[in-house]
Amino acid sequence: MSKRTLDTFFSPSQKKTKLSVTESKDAPSNHSTYPFAVPQLPPEITDLLNFAPEAEGKAIDDQPDLDLLYFQPYVPSSISTSLFEFLRRELFFYRVKYKIKRGPIETDINTPRFTTVFGVDETSSFLPDGSLIDATTKKPIPKDRYKTCKPRPIPACLDLLRQLTEAATDQRYNFCLVNYYATGDDSISYHSDDERFLGVDPAIASFSLGAKRDFLMKHKPTPPSDDKSAAAIASETKPLKLPLGSGDMVLMRGTTQSKWLHSIPKRKGGESGNGRINITFRRAMVVGGTENYYRYNVGDGDVMKWDEKTKKMVVWGEKKGDGEAVKREVEAEDVDKGYAGL
Ligand SMILES: O=C(O)CCC(=O)C(=O)O
Ligand SMILES: [Fe+2]
């Protein structure tokens, strides 16, 4: 459906107010690997998602090696706030810690944002009962295929968006990564999603919901060649800043990952304190991709859940003597993504 069709449904004043939503009557998504079940989308959100994309994708490919398609917005503006609040309230998140070794020095990394991940690489697929089969033989996978993680199926509330995005971008995705930037202190430092397990020139669809945050891009340093100095190459490209708003989607494709870096820098003040969710859909080709994504987006720490009373992420499921959940506040920590380039 086109934007015009939506506009005839909603006057500009109605678009600004938040759509009121009801609980889905469908069974929530659940799986042995989930800490708790995830409700299905409110029917009002599902209905309006069928109008996506709200705007046509605009190509940004006027610089060397850059190939973006920018939907501003993709998610209808009448539902982006409700969808943001639903996902923040209903998903489980993690604050992943891990160690990296650079030469003889070991460094502790505290991921400076909340993360969660769903999906499995193309060698396997989920049956409706939640079990994993081999994608070719259709037989149950060997027990030892995933040694360091237990893959989780994409819950229905995110799988609808995945399916719509596949149709709109003519690409296929088997992974859904979610980042929650609680405040302007949460960030992702410059990196590219160019891991070998994504294959050559991967397409990555990246959604923004909630607070506006700047998405910065710059060309990777290029070694000087016989006919061009590093300075000449650098002067051919200029850094890019996309102030991503709620509902926007950026499709990164072609050589964007192999030649460019992207980041969400820390910000002081503004709306960043209201929180932002980023959802990326990707396609991992091999077992190593699945293990990598669970290691760095779930990890082995506490489950975190949004607490509507305190408006903060709290540790989920910890019990005190009288059965009351202990609520621990989580501080943002200032560190790098760390695993870029794996
Ligand atoms: O939050 C964003 O817009 C970017 C997230 C990102 O680059 C990533 O998860 O790899
Ligand atoms: Fe990225």
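Counting starts at 1 for both ligands and their atoms, following the listed order.
- Close approach of ligand 1 to D193 (heavy-atom distance below 4.0 Å) involves ligand atoms 10 (O).
- For the pair R95 and F114, the cation-pi criterion (under 6.0 Å, within 45° of the ring axis) is fulfilled.
- With a 6.0 Å cutoff to the six-membered ring centre and a 45° limit on the axis angle, K305 counts as a cation-pi contact of F36.
- Only the side chain of H191 comes within 4.0 Å of ligand 1, counting heavy atoms alone; its backbone N, CA, C and O stay farther away.
- H262 and F215 have tilted rings, their planes meeting at an angle from 30° to 60° on a 0 to 90° scale.
- In summary, the side chains of Y180 and R88 do present a donor paired with an acceptor at a separation below 3.5 Å, with no hydrogens or angles considered.
- With a heavy-atom cut-off of 4.0 Å, L177 does not touch ligand 1 at all.
- At a 4.0 Å cut-off, not a single heavy atom of Q257 sits close enough to ligand 1 to count as contact.
- Within the listing of ligand 1, atoms 8 (C), 9 (O), 10 (O) sit less than 4.0 angstrom from a heavy atom of R282.
- Checked against R213 for a side-chain contact (heavy atoms from CB on, under 4.5 Å), the options S272, P265, S208 give a single hit: S272.
- Of all the heavy atoms in T22 and P42, the pair that sits closest is O-CB, 3.0 Å.
- For the Fe ion (ligand 2), the nearest N, O or S atom contributed by D193 is named OD2.
- Contact atoms of ligand 1 toward H262: 7 (O) (distance under 4.0 Å to a heavy atom of the residue).
- For the pair R276 and ligand 1, a heavy-atom separation below 4.0 Å is found.
- In the model, R152 has no side-chain atom that pairs as donor or acceptor with a side-chain atom of Y294 under 3.5 Å.
- As for H262, its N/O/S atom nearest the Fe ion (ligand 2) is the one called NE2.
- Not a single heavy atom of T280 sits closer than 4.0 Å to an atom of ligand 1.
- For a threshold of 3.5 Å applied to N or O pairs, the pair formed by S208 and ligand 1 contains no separation below that value.
- Below 4.0 Å from some heavy atom of Y181 lie the following atoms of ligand 1, by number and element: 1 (O), 2 (C), 4 (C), 5 (C).
- Between Y34 and H31, the ring planes are tilted. Angles from 30° to 60° get that label.
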